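See structure below.
Since the structure is predicted, the reported quantities are computational estimates derived from the model, not experimental observations. Note: hydrogens, waters and symmetry copies are ignored here, and every other heavy atom, side chains too, is used.
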Amino acid sequence: MREKKITTDFSIRTFKGGFDKNLSYILKCMRNNIEIIIDPAIKPDIIIPFLKTSPIAILVTHTHMDHISYLDEYLSIYPEIKVVGHPKSKIISLKDNFIPVNDNSLINIGNLNIKIIHTPGHYFDSICYYLQNIIFTGDTLFVGRTGRTVDKKSDIEKLYDSVYNKILPLPLETVIYPGHDYGKKLSISIEGNIQISKLLRAKNKNDFYNRMSEYEKTRIIGQ
């Protein structure tokens, strides 16, 4: 099958490190060189050398500590930077720096229109950021599997809804950029992910529960 060619107005640079194979990203609008950071999980001194400008925003996928480990350091270096996240997350204390966003809202960064998709399940304040043919999924969806639901603020029923009713219906060529490097590659299309993951081929909600239960029994630490 011939792949569909898509022209984009942005570039993505991926960084791996942090607490547990965390992934942070620089998203750059190619038309006006505006840059933003997805998840402050990597030390600033690793990411800053690759920035061409002062980033104008940090998009937070959720507030598990490993994903916001270096948020204060970025704010110290860039005191005017805006931090985008869920309205009820702990980062609301940032006050003037914080921009709360709701499900299905749009934010404009340069010439990029980024859709907010609230995807609770792994954590209550999980957000995916979707633009053109890509989606930053945080810990909602990885390469090869979904996020886990072992936190006290996790909810497997909400995770099922987020994955099956919000992410998987997106165009199959949409490329997933997750919050951790837990798979055989750093990113993958929705179509490719469905093909390699049993957790993404459940027949219904009960089948998903059963597949998640089996996954937890056989899970390899660090994956």
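The closest side-chain heavy-atom distance from His122 to His64 is below 4.5 Å. Annotation: side chain of Val143 is in contact with side chain of Ile196 (closest heavy-atom distance under 4.5 Å). Within the 4.5 Å cutoff, no side-chain heavy atoms of Ser213 are placed close to those of Asn210. Gln132 places a side-chain heavy atom less than 4.5 Å from the side chain of Leu112. Counting only heavy atoms from C-beta outward, the side chains of Tyr78 and Ile48 approach each other to under 4.5 Å. Between Leu59 and Ile114, some side-chain heavy-atom pair lies under the 4.5 Å cut-off. Within the 4.5 Å cutoff, no side-chain heavy atoms of Asp155 are placed close to those of Thr149. Side-chain contact between Asn102 and Pro87: present, with at least one pair of heavy atoms (C-beta onward) separated by less than 4.5 Å.
With Ser189 contributing its side chain and Gly192 its backbone, the two residues share a donor-acceptor pair below 3.5 Å. Side-chain atoms of Asn111 do not come within 3.5 Å of backbone N or O of Cys29 as any donor-acceptor pair. With hydrogens and angles disregarded, a donor-acceptor distance shorter than 3.5 Å links the side chain of Asn193 to the backbone of Gly144. Between the Tyr129 side chain and the Val60 main chain, a donor and an acceptor come within less than 3.5 Å of each other. For Glu35 (side chain) and Lys52 (main-chain N/O), a donor-acceptor pair under 3.5 Å exists by modelled atom type. For Ser69 (side chain) and Met65 (main-chain N/O), a donor-acceptor pair under 3.5 Å exists by modelled atom type.
The CG atom of Asp39 sits 15.0 Å away from the OH atom of Tyr177 when rounded to the nearest 0.5 Å. Put simply, CD1 on Ile109 and CD1 on Ile56 are 5.0 Å apart, with the number rounded to the nearest 0.5 Å. Note that OG of Ser197 is 9.0 Å distant from CD1 of Ile188, once rounded to the nearest 0.5 Å. How far CG of Leu170 is from CD1 of Ile190: 4.5 Å, rounded to the nearest 0.5 Å. Considering CG of Leu27 and CD1 of Ile36, their distance stands at 4.0 Å, rounded to 0.5 Å. In this structure, Lys28 NZ and Ser11 OG are separated by 6.0 Å, a value rounded to the nearest 0.5 Å.
Taking the six-membered ring where tryptophan is involved, the planes of His62 and His67 are tilted, since the angle between them lies from 30° to 60°. Using the six-membered ring where Trp is involved, Phe208 and Tyr164 have ring planes that are perpendicular, over 60° apart on the 30 and 60° scheme. Using cut-offs of 30° and 60° for the angle between ring planes, the His118 and His86 rings count as tilted.
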Give the intermediate values and the outcome of side-chain contact (heavy atoms from CB on, under 4.5 Å) for residues Glu173 and Glu191.
CA-CA 6 Å; Glu173 66 270 16; Glu191 182 176 29; over 6 Å; no
Verify side-chain contact (heavy atoms from CB on, under 4.5 Å) between Ile91 and Asn97, making sure each step is shown before the conclusion. CA-CA 9 Å; Ile91 53 177; Asn97 290 85; over 6 Å; no
Problem set entry | Trace of the side chain to side chain donor-acceptor pair (under 3.5 Å) decision for Thr53 with Asn33 | CA-CA 8 Å; Thr53 62; Asn33 294 322; over 6 Å; no
Next item on the list: Take Arg211 and Arg201 through the test side-chain contact (heavy atoms from CB on, under 4.5 Å) and record every step on the way to the result.
Entry: CA-CA 9 Å; Arg211 291 175 186 234; Arg201 300 197 301 271; 4.0 Å; yes
After noting the C-alpha distance and the side-chain angles of Phe15 and Ile26, does the key distance pass the side-chain contact (heavy atoms from CB on, under 4.5 Å) rule? CA-CA 8 Å; Phe15 299 85; Ile26 295 174; 3.6 Å; yes
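Taking both residues in full, the closest heavy atoms of Ser24 and Ala41 are given as OG-N, 3.3 Å, listed atom of the first, atom of the second, then distance. Smallest separation of non-hydrogen atoms from Tyr70 and Ile42: CD1-C, 3.5 Å. Minimum interatomic distance between Thr63 and Tyr123 (heavy atoms only, all atoms of both residues): OG1-CE2, 3.6 Å. Of all heavy-atom pairs spanning Asn32 and Gly110, the tightest one is ND2-CA, 3.1 Å. Across all their heavy atoms, Thr140 and Ser126 have their closest contact at OG1-CB, 3.7 Å. The two residues Asp207 and Ala202 come nearest to each other via the heavy atoms OD2-CA, 3.3 Å.
Heavy atoms from other residues, nucleotides or ligands lying under 6.0 Å from CG of Asp96 number 12 at most. Counting heavy atoms of neighbouring residues, nucleotides and ligands inside a 6.0 Å radius, atom NZ of Lys158 does not exceed 12 of them.
Residues Ile77 and Ile37 are members of one and the same hydrophobic cluster, defined by side-chain heavy-atom contacts under 4.5 angstrom among Ile, Leu, Val, Met, Phe, Trp and Tyr. Note on Ile38 and Leu94: separate hydrophobic clusters, where clusters join Ile, Leu, Val, Met, Phe, Trp and Tyr whose side-chain heavy atoms are under 4.5 Å apart, directly or indirectly. A single hydrophobic cluster is not seen to contain both Tyr25 and Tyr130; linkage of ILVMFWY side chains at heavy-atom distances under 4.5 Å, directly or through other members, places them apart. Val175 and Phe10 fall within the same hydrophobic cluster, defined by Ile, Leu, Val, Met, Phe, Trp and Tyr side-chain heavy atoms under 4.5 Å apart, directly or through other members. Side-chain heavy atoms closer than 4.5 Å link hydrophobic residues (I, L, V, M, F, W, Y) into clusters, and following such links, possibly through other members, connects Leu200 to Tyr160.
The one candidate from Leu131, Ile117, Ile176, Ile127 that meets the side-chain contact (heavy atoms from CB on, under 4.5 Å) condition with Phe136 is Leu131. Under the side-chain contact (heavy atoms from CB on, under 4.5 Å) test applied with Leu159, the options Thr146, Leu199, Leu141 reduce to a single match, Thr146. Asn22 pairs in a side-chain hydrogen bond (donor to acceptor under 3.5 Å, both in side chains) with only one of the listed residues (Asp181, Asp66, Asp139), which is Asp66.
Counted by atom type alone, Tyr215 and Arg145 present one or more donor-acceptor pairs between their side chains at under 3.5 Å.
Between Glu216 and Arg148, at least one side-chain N (NZ, or NE/NH1/NH2) sits under 4.0 Å from a carboxylate O, which counts as a salt bridge.
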